[in-house]
Amino acid sequence: REDAPRTASLRALAAADPTSLDLSASEALMCTNLMCEHVGDRCGCKLALWLERRALPSLEALSLRGNDLRFVPDAVFRLAALRTLDLADNKLAELPGAVAGLGALEVLDVSGNDDLARLPAELWAMPRLREVRTRGDLFAAPPGWAETDAGLVREDDDDDDRGRRR
């Protein structure tokens, strides 16, 4: 549920089969693994373990905004129905090419990751991806994409939408 409290446990957040999961600045991602260098901070390892233990076949939107994550767990890239992935305001230095495994992905938000210097080439070949939200002009638009104030959008997106509506 999008209105779930930020302190709810991961188990409580996905008690049902959600279509949207908002883990923005979530205390549920606080690492308690004493073997992890990020113990006491929000961490991707807790999310990775949680996702690997659950099947979320209907999850279409996932927000991990504002968790200071340094990496995106591989398990995120196996969420087959995911259409929107919000990774804004974290501490990502790279986004792996495994993001291309999200075949249904339409919107990706990586804004506010100041150390993110490049986006994987595989990203631009994703057929359903239509918008990549960034901040500033850090990323040049590849062929077929246009720069906007919010980031990058697929240039032929409007034509495709009109074609689907006919």
Side-chain angles (χ1 to χ4, degrees), residues 2 10 13-14 17-26 29 38 41-52 54-165:
E2 291 194 41
L10 290 173
L13 288 172
D17 182 17
T19 58
S20 178
L21 191 56
D22 186 351
L23 295 173
S24 301
S26 178
L29 296 181
H38 306 295
D41 295 327
R42 290 182 194 98
C43 180
C45 69
K46 187 169 185 178
L47 177 63
L49 182 63
W50 182 77
L51 285 173
E52 288 169 5
R54 278 153 191 80
L56 298 171
S58 301
L59 190 64
E60 294 180 0
L62 175 62
S63 178
L64 297 172
R65 174 182 291 266
N67 281 299
D68 294 333
L69 297 177
R70 290 166 183 82
F71 70 95
V72 181
D74 289 340
V76 168
F77 303 126
R78 291 190 291 272
L79 296 169
L82 204 62
R83 294 174 44 195
T84 301
L85 179 57
D86 184 352
L87 300 172
D89 301 321
N90 282 291
K91 295 183 177 178
L92 301 176
E94 73 174 310
L95 187 65
V99 70
L102 296 172
L105 193 65
E106 296 175 2
V107 177
L108 174 65
D109 190 340
V110 293
S111 60
N113 286 283
D114 297 335
D115 294 332
L116 190 61
R118 67 172 193 83
L119 295 171
E122 296 90 340
L123 192 68
W124 312 116
M126 296 175 67
R128 294 191 178 172
L129 187 65
R130 60 180 171 73
E131 182 178 357
V132 179
R133 297 178 187 151
T134 61
R135 279 201 195 123
D137 57 357
L138 290 176
F139 306 105
W145 289 77
E147 294 180 36
T148 69
D149 290 340
L152 305 170
V153 294
R154 192 176 297 271
E155 288 180 329
D156 58 3
D157 191 48
D158 289 338
D159 294 336
D160 287 348
D161 287 344
R162 279 193 295 269
R164 279 185 235 136
R165 286 187 210 129

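Residue numbers start at 1 and run along the sequence shown. These numbers were taken from a predicted model, which means no experiment stands behind them.
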Practice task
Any pair with a residue in residues 116-126 that passes salt bridge (Lys or Arg N to Asp or Glu O under 4.0 Å), sequence neighbours left out, goes on the list, sorted by first then second residue, please.
Solution key: none
Problem - Where at least one partner belongs to residues 97-121, residue pairs that pass ring pair (Phe, Tyr, Trp, His ring centres under 6.0 Å), sequence neighbours excluded - result: none
Practice task
Scan residues 72-121 for pairs that pass ring pair (Phe, Tyr, Trp, His ring centres under 6.0 Å), counting only residues two or more places apart or in two chains.
Solution key: none
Handout entry: Partner residues of Glu52 under the salt bridge (Lys or Arg N to Asp or Glu O under 4.0 Å) criterion, sequence neighbours left out
Key = Arg78
Fill in the blank from the handout: Between Ala75 and Ala48, the two heavy atoms sitting closest are CB-O, 4.2 Å
Problem - Residue pair Leu152 / Glu147, side-chain heavy-atom distance below 4.5 Å - result: yes
Problem - Rounded distance [0.5 Å steps], OG1 in Thr19 versus CG in Leu59 - result: 7.5 Å
Practice task
List the steps, then state whether side chain to side chain contact (heavy atoms under 4.5 Å, CB included) holds for Arg130 with Val153.
Solution key: CA-CA 6 Å; Arg130 60 180 171 73; Val153 294; over 6 Å; no
Practice task
Check side-chain contact (heavy atoms from CB on, under 4.5 Å) between Ala104 and all other residues, then give those that pass, not counting sequence neighbours.
Solution key: Arg83, Arg128
Problem - Under the side-chain hydrogen bond (donor to acceptor under 3.5 Å, both in side chains) test, residues paired with Arg42 that sit two or more places apart - result: Glu27, Asn67
Practice task
Find the distance between CG (Leu21) and OG (Ser63) and round it off to the nearest 0.5 Å.
Solution key: 9.0 Å
Problem - Atom pair CG (Leu64) and CG (Leu85), whose distance is rounded to the nearest 0.5 Å - result: 6.5 Å
Fill in the blank from the handout: To the nearest 0.5 Å, atom CG of Asn113 lies from atom CZ of Arg70 at 12.0 Å
Problem - Which residues share a side-chain contact (heavy atoms from CB on, under 4.5 Å) with Leu129, sequence neighbours left out - result: Leu105, Leu108, Leu123, Met126, Val132, Trp145, Arg154
Problem - Distance, nearest 0.5 Å, that separates OG of Ser58 from CG of Leu82 - result: 12.0 Å
Practice task
Calculate, to the nearest 0.5 Å, the distance between atoms CH2 and CG belonging to Trp124 and Leu119 respectively.
Solution key: 5.0 Å
Problem - Reference residue Leu87; test side-chain contact (heavy atoms from CB on, under 4.5 Å); the match among Leu62, Leu95, Leu116 - result: Leu95
Completion exercise
By side-chain contact (heavy atoms from CB on, under 4.5 Å), Asp89 pairs with (sequence neighbours left out) Arg65, Arg135
Exercise for the section: Please list all pairs passing the side-chain hydrogen bond (donor to acceptor under 3.5 Å, both in side chains) test where one or both residues lie in residues 90-105, with sequence neighbours left out. Expected result: none
Practice task
Looking only at non-hydrogen atoms, find the nearest pair between Leu47 and Pro73 and report the distance.
Solution key: CD2-CG, 4.0 Å
